[in-house]
*Asks:* 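Here you go, one structure.
Letters go in sequence order (proteins before strands), and every chain restarts at 1.
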Amino acid sequence: MHDSNLYRYILSLGDNSMILGHRLSELCGHGPTLETDIALTNISLDLFGEVRNYFQYAAKVKADGSTEDDIAHQRGSRAFYNLILLEQPNTNFAYVIARQFLFDVFHKLNLQALTKSTDKQLSAIAVKSLKEATYHVRFSSDWVKRLGDGTEESRAKMQGAIDDLYPFTGELLRPSKIEEEAYKEGYGTDIFAIKDSYVQEVQRILAEAKLTIPTSPYRFAKGKEGFHTEYLDYILQDFQYMQKTYPNMQW
Amino acid sequence: MIIDLKHTIPAEIFDLLAKVTDPEIPVLSIIDLGVVHQVEVTQNEVYIELMPTYTGCPAMDVMQEDIVKAFEGSNYSVQVQLILSPAWTSDRISQKGKAALKAYGVAPPVETTADKAALLEGANIIACTNCGSQHTQLVSQFGSTACKALFKCLDCLEPFDYFKCLK
């Protein structure tokens with residue numbers, strides 16, 4: 001049976017947090033200092049908390065007996081709707097921070113808008129997660145400023161990461177068919193309405209960090225439609241390993 | 001609105017709930033943490049609504065299990081439901097709970113404005129749980145659990161956790 005748009009919209013919200021949460025979990029025990037290690041894995045935990053809420057709800061909407069775990073563990077990469085930005089690897093600390101920052105600003109704005117969703121459950125999840133996302137954006141903005149306005153080396157690395165990752169933000173600001181439909185039906189957010197605030201906020205922080213705003217064009221990316229880079233397959237291979245090796249195993 | 005559970009539910013049930021503590025902060029009962037939203041009692045069936053502090057907090061699963069365990073051997077059968085709305089805020093921690101946190105070595109949450117000043121602007125507001133000095137410094141916005149930030153005292157040099165204000 002064809003999945004409903006509401007179901008796919010919930011997945012698209014959850015997939016962003018799941019894939020970024022997984023990338024951050026890879027840093028557990030590998031952060032540059034104990035404090036940043038703890039911070040990044042705390043953020044990962046928040047994101048996975050949010051994912052559970054979305055996937056539990058998605059399972060309820062689908063109503064075919066599947067659980068939150070099935071949704072996380074038994075989908076192939078073509079059925080994931082996360083942004084390409086979030087699959088990008090932990091190249092170095094500047095990349096981790098740039099990826100986080102470019103998503104956090106969007107995440108907060110999108111959750112703010114989602115609190116007004118006509119869908120009671122989506123709005124409740126948004127109210128709850130917004131409080132956490134507000135902390136995340138403070139953390140990542142702080143680090144963008146600290147590294148950008150730091151030493152020559154930290155500035156060069158931060159600028160390099162922003163230059164590489166900023167072009168992926170085009171995807172954030174262009175609604176997918178799922179998002180367009182969701183907005184039309186009242187339970188989704190209006191991506192166009194978020195666009196200006198997003199660009200302004202990102203540029204404000206980058207200016208404060210004394211970083212140059214990249215002028216390179218947005219990259220063509222269709223993660224939200226299910227077309228991904230090969231990075232996602234590696235992530236899912238890791239994440240879904242147990243279920244793929246021992247189908248339906250229970251912990 | 002915080003429901004006064006002590007005076008609205010049977011004392012026996014209240015006492016059982018008051019024995020269940022936060023597994024990460026064992027001096028804090030779930031009543032004082034303010035995570036019990038509502039309790040409905042029909043004859044010998046108890047329905048409890050729990051509000052998660054942070055969405056990913058693994059302590060929530062443990063609290064759910066601990067509640068079920070606490071009611072084993074009582075005359076009640078219990079059902080626990082996690083609810084998202086209304087969302088928990090740190091204002092729900094009782095005065096008794098805040099005192100218990102402090103005695104345990106975790107600085108209790110301060111008001112939103114003061115919290116922002118301490119976490120973002122480096123203001124010396126959070127009192128050291130060891131010596132009481134407000135000459136303290138933020139070490140990390142994220143501490144040992146999702147709900148805490150890490151501080152250090154610049155007078156006695158003791159590091160300590162601060163329970164973040166969440167609203």
*Asks:* If you count the non-hydrogen atoms of other residues, nucleotides and ligands that lie under 6.0 Å from OH in A:Tyr183, is the total more than 12?
*Replies:*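 12 or below, so no.
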*Asks:* Within the distance-only criterion (no hydrogens, no angle test), does the side chain of A:Glu132 pair as donor or acceptor with the backbone N or O of B:Thr55 below 3.5 angstrom?
*Replies:* yes
*Asks:* Above 12 or not: heavy atoms from other molecules or residues under 6.0 Å from OH of B:Tyr47?
*Replies:*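 Yes, because the 6.0 Å sphere around OH of B:Tyr47 holds more than 12 heavy atoms from other groups.
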*Asks:* Among A:Ala124, A:Gly21, A:Ser44, A:Ala39, who wins on heavy-atom pairs under 4.5 Å with chain B?
*Replies:* A:Ala39
*Asks:* Which atoms of B:Lys116 come close to chain A, meaning under 4.5 Å heavy atom to heavy atom: side chain ones, backbone ones, both, or neither?
*Replies:*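 Only the side chain of B:Lys116 comes within 4.5 Å of chain A.
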*Asks:* What part of A:Ile125 gets closer than 4.5 Å to chain B, counting heavy atoms only: side chain, backbone, both or neither?
*Replies:*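 Both parts, backbone and side chain.
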*Asks:* B:Ala87 and A:Lys128: which non-hydrogen atoms are nearest, and at how many Å?
*Replies:*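 Smallest heavy-atom distance, with atoms named: CB-CD, 4.0 Å.
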*Asks:* State the CZ-CE distance between A:Arg52 and B:Met60, to the nearest 0.5 angstrom.
*Replies:*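 Taking CZ in A:Arg52 and CE in B:Met60, the distance rounds to 11.0 Å.
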*Asks:* Just how far is it from atom OG1 of A:Thr134 to atom NZ of B:Lys167, taken to the nearest 0.5 Å?
*Replies:* 14.0 Å
*Asks:* Using the rule given for side-chain contact (heavy atoms from CB on, under 4.5 Å), can you reason through A:Glu35 versus B:Phe142, listing the C-alpha separation, both sets of side-chain angles and the distance that settles it, and then say yes or no?
*Replies:* CA-CA 7 Å; A:Glu35 288 78 15; B:Phe142 295 85; over 6 Å; no
*Asks:* Which atoms of A:Asn53 are under 4.5 Å from chain B, going by heavy atoms: the side chain, the backbone, both sets, or neither?
*Replies:* side chain
*Asks:* Which atoms of B:Cys147 are under 4.5 Å from chain A, going by heavy atoms: the side chain, the backbone, both sets, or neither?
*Replies:* neither
*Asks:* Can you tell me if A:Lys157 has over 12 outside heavy atoms packed within less than 6.0 Å of its NZ?
*Replies:*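 Counting neighbours around NZ of A:Lys157, 12 or fewer heavy atoms of other residues, nucleotides or ligands fall under 6.0 Å, so no.
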*Asks:* Are there over 12 heavy-atom neighbours, none belonging to A:Lys145, within less than 6.0 Å of that residue's NZ?
*Replies:*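 Yes, enclosed.
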*Asks:* For B:Tyr76, is the OH atom crowded, meaning more than 12 foreign heavy atoms sit under 6.0 Å from it?
*Replies:*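 It does: B:Tyr76 OH has more than 12 such atoms within range.
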*Asks:* Of the backbone (N, CA, C, O) and the side chain (C-beta and beyond), which part of B:Leu119 lies under 4.5 Å from a heavy atom of chain A, both, or neither?
*Replies:*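 Answer is side chain: those atoms of B:Leu119 sit under 4.5 Å from chain A.
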*Asks:* Which bit of B:Pro86 comes within less than 4.5 Å of chain A, counting heavy atoms only: side chain, backbone, both or neither?
*Replies:*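 Contact with chain A involves no heavy atom of B:Pro86 at all.
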*Asks:* Could you walk me through whether A:Asp142 and B:Gln141 pass the side-chain contact (heavy atoms from CB on, under 4.5 Å) test, one step at a time?
*Replies:* CA-CA 11 Å; A:Asp142 258 14; B:Gln141 284 178 4; 3.7 Å; yes
*Asks:* Please tell me if the side chains of B:Leu84 and A:Gln121 come closer than 4.5 Å, counting only heavy atoms from C-beta onward.
*Replies:* yes
*Asks:* Would you check if A:Lys131 and B:Tyr54 make a side-chain contact, meaning some heavy-atom pair closer than 4.5 Å?
*Replies:*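 Heavy-atom side-chain distance check fails, nothing below 4.5 Å.
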*Asks:* Can you name the nearest heavy-atom pair linking A:Asn42 to B:Gly143, along with the distance?
*Replies:*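 Heavy atoms of A:Asn42 and B:Gly143 come nearest at ND2-O, 3.0 Å.
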*Asks:* What residue, out of B:Ser85, B:Pro58, B:Ala146, has the most heavy-atom pairs lying under 4.5 Å from chain A?
*Replies:*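 The option with the most such pairs is B:Ala146.
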